[in-house]
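Please read all numbers here as calculations on a predicted model, not as lab measurements. We're numbering straight along the sequence, starting at 1. Note that these values count all heavy atoms, side chains included, but never hydrogens, waters or copies made by symmetry.
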Amino acid sequence: MFTSYEFIVFISVCFVLYYLIPKRMQPYMLLIASYLIYFSINAYYPVYLLATTLTVYLTGNLIWQMKRKQTEHLKEHRAEMSREERRQYKKNYERKMRGVLVLCLLINLGILAVTKYTNFFIQNVNAWFHFFGSSREWIFRDMLVPLGISFYTFQSIGYLLDVYWGRGEAQTNILKFALFTSFFPQLGQGPISRYHDLSRTLYKFHRWDWKNIRFGLERMLWGYFKKLVIADRISAAVSLLTGEPEYYTGGFVFVGMIFYAIELYADFTGGIDITIGIAQVFGITITENFERPFFSKNIAEYWRRWHITMGTWFRDYVFYPLSISRPFKRMTTFMKKHFGMSAAKRSSVYVATITVWITTGIWHGANWRYVVWGLCNGVIILISEELSPLYKRFHNRFPKLGKTWGYRAFQIARTFLLMCCLRIFDRYGSCRQALKAFVHMFTEFDISALTKQEFLELGMTVADYGIIFAGILLIFTVSMIGRRQSVREWLSEKPYLLKYIAFVSLFFATILLGTYGIGYEDSAFIYNQF
């Protein structure tokens, strides 16, 4: 969507109109723009989006009104009611609110499940039929999966749970709430915004601020550079390496996973850069979704830096509620009674962690390879946590080692390679192909097979490799500068000529080196499918 010519023209018109119309109309113009874009992709998409918007809006306001009514009643009749009567009154209201909440969750998660996972369910039912020797088969359905349904569904559910838990008030203006669920820059691939964060600037009236607009345009340009110059350029090689697993084995699997890591990072962060940049031009602040993930020293740290809003969503709305739920408390009590305190403490954390990661895998796609990918992440994180006392003793024995540049580089490289191995399940077509590719990477590794000629037959020329290398070097440099302060702030402090040269150079690099032209079809961002 972002890389199509039509979108660029459309967004340019929106920028101009946004600052020409009356300020009080700005949020409503964004709402119209969001639905126009969504409608232009598919005429039926807005129906699903409206269903989520209306059900969550009505449920949120109903719960909020019930909370207010409960509070007012207790305050008004406090002297007349006994402590037990007040407790029973609260319990009855909680039951009603919980029922309304569960109904809304079932509707919206049901829409998500039916559209995204129906054929996955049918596929597994057919597999069971075949396993037991039956020739019966259910017919696959031609399901319409709306763009970004996982993102806007989770974002809306987060808002609803916050209202239910009393973390914030319900939005009474349905048009404003509709803008929250449909704000077009983040509709396709996130981030998953929290209402209390996004609403701070989403509904405000914004005046022309050249610095803010310039920063937004720079962020957009940086995103387009990563997407068009790096991600789309290397994607041809990735598709070839992973699309023919019987031919490209051994060392090619390793190369393919390195290439895919580069493609995915440039593609996803590039899309988020464009999203944040577009919002900033409109004066709206969107939560950052990445914090230099490839500088992580372990997987747990990696997931605190990669797709941050997804990780925090699962932590706040799945992990914590599960950990303190009644079934988990009963499990902890059982484990304490039969296996001791240590097992009791671990049991709830382990089960909640594995549940979160399996759910994360399913969220990414309707395929068992995503479930296995999520499960592997969870298991490795838990193993790492169990080994933490051993790591601590090791570092106490060698206190200077952990402070050396070489050891930190080893930790970063280890984490990067481990994540590349896990991404095999993400990129190959099935669990079987992914496991075979992983095994072949070690059993059939032949360095001599990785010749110059073979690399030039992957759909990229020597010039392409040079451009990708230069692009990676530029991303690394920007990341290093960004560790201390915002790169755009850093650049804004430099002389005007240097700022001008940097911006113009990046612009022409994107225009001249981007993978588009005659016959070009804008490729979807990878995370659009999730």
Side-chain angles (χ1 to χ4, degrees), residues 151 186 189-193 219 222-223 225-227 230-231 234-235 238 254 256-277 286-316 319 353 356-357 360-361 363-364 370 373-374 376-382 384-385 405 407-427 468-469 471-488 525-530:
F151 290 102
Q186 61 178 26
Q189 57 180 351
I192 306 172
S193 296
R219 187 72 179 263
W222 180 232
F225 173 82
K226 287 195 284 187
K227 167 64 175 172
I230 301 176
I234 203 171
S235 66
V238 175
F254 177 77
M257 289 304 97
I258 298 294
F259 282 6
Y260 180 59
I262 296 169
E263 179 195 7
L264 183 61
Y265 178 81
D267 186 282
F268 195 12
T269 62
I272 295 297
D273 286 333
I274 297 171
T275 294
I276 294 175
I286 289 182
T287 306
E288 293 289 345
N289 213 26
F290 293 90
E291 188 182 347
R292 297 175 295 280
F294 289 148
F295 287 92
S296 305
K297 301 179 182 65
N298 55 63
I299 287 189
E301 181 185 356
Y302 174 89
W303 282 110
R304 290 193 296 270
R305 292 167 170 257
W306 176 281
H307 206 345
I308 298 169
T309 57
M310 183 199 70
T312 56
W313 194 96
F314 276 103
R315 180 196 67 196
D316 294 343
F319 181 84
T353 299
V356 164
W357 277 105
T360 303
W363 178 87
H364 274 81
Y370 289 113
W373 169 82
C376 288
N377 273 282
V379 168
I380 292 174
I381 289 173
L382 290 177
S384 180
E385 184 64 27
W405 180 88
Y407 185 73
R408 290 199 296 270
F410 160 75
Q411 290 178 303
I412 291 171
R414 175 194 62 190
T415 303
F416 174 75
L417 292 175
L418 187 56
M419 288 308 303
C420 286
C421 290
L422 291 176
R423 289 289 184 191
I424 287 178
F425 291 101
D426 187 0
R427 194 60 183 84
I468 291 170
F469 178 78
I472 293 171
L473 190 61
L474 180 59
I475 290 175
F476 177 79
T477 304
V478 169
S479 297
M480 293 300 291
I481 296 173
R483 296 174 70 181
R484 295 177 178 84
Q485 69 177 119
S486 165
V487 176
R488 290 172 295 172
F525 287 83
I526 294 173
Y527 260 70
N528 285 168
Q529 64 184 306
F530 304 142

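The heavy-atom pair separating L422 from C376 by the smallest distance is CD2-CB, 3.5 Å. A pairwise comparison of heavy atoms in I308 and E291 identifies CD1-N, 4.0 Å as the closest pair. Of all the heavy atoms in V478 and V487, the pair that sits closest is O-CG2, 3.4 Å. Scanning both residues, I192 and W363, for their nearest heavy atoms gives CD1-CZ2, 4.4 Å. Summarising the geometry of S479 relative to F295, their closest heavy-atom pair is CB-CE1, 3.7 Å, with the distance given to 0.1 Å. When all heavy atoms of I286 and S193 are compared, the closest pair comes out as CG2-OG, 4.3 Å.
Residues T360 and H364 form a side-chain contact, since some pair of their non-hydrogen atoms from C-beta on lies under 4.5 Å apart. Contact of the I272 side chain with the P191 side chain is registered, since non-hydrogen atoms from C-beta on lie closer than 4.5 Å. In this structure, Q186 and F151 have side chains that are not in contact, with every pair of non-hydrogen atoms separated by 4.5 Å or more. You'll find the side chain of K297 stays beyond 4.5 Å of the side chain of Y407, heavy atoms only. Counting only heavy atoms from C-beta outward, the side chains of L417 and I258 approach each other to under 4.5 Å.
Aromatic ring pairs are classed by plane angle as parallel below 30°, tilted from 30° to 60° and perpendicular above 60°; the pair F294 and Y265 is tilted.
Counting heavy atoms of neighbouring residues, nucleotides and ligands inside a 6.0 Å radius, atom CZ of F254 does not exceed 12 of them. Within 6.0 Å of CD in E385 there are 12 or fewer heavy atoms belonging to other residues, nucleotides or ligands.
Here W303 and W357 bring their ring centres to under 6.0 angstrom of each other.
Note that the CZ atom of F476 and the CD1 atom of I481 stand 10.5 Å from one another [nearest 0.5 Å]. Atom-to-atom distance recorded for N377:CG and I299:CD1 is 5.5 Å, nearest 0.5 angstrom. With values rounded to the nearest 0.5 angstrom, N289 atom CG is found 10.0 Å from T269 atom OG1. Note that CG of D273 is 11.0 Å distant from CZ of F268, once rounded to the nearest 0.5 Å. Distance check: R423 CZ to E263 CD gives 11.5 Å after rounding to the nearest 0.5 Å. In this structure, CD1 on I472 lies 11.5 Å from OG1 on T477, to the nearest 0.5 angstrom.
Between the side chain of S384 and the main chain of I380, no donor-acceptor pair closer than 3.5 Å is present. Panel note: side chain R292, backbone G482; a donor-acceptor pair is recorded below 3.5 Å.
For F225, the ring pair (Phe, Tyr, Trp, His ring centres under 6.0 Å) partners two or more places apart in sequence, or in a different chain, are W222. Under the salt bridge (charged side-chain N to carboxylate O under 4.0 Å, His left out) criterion, E301 pairs with R305, not counting sequence neighbours.
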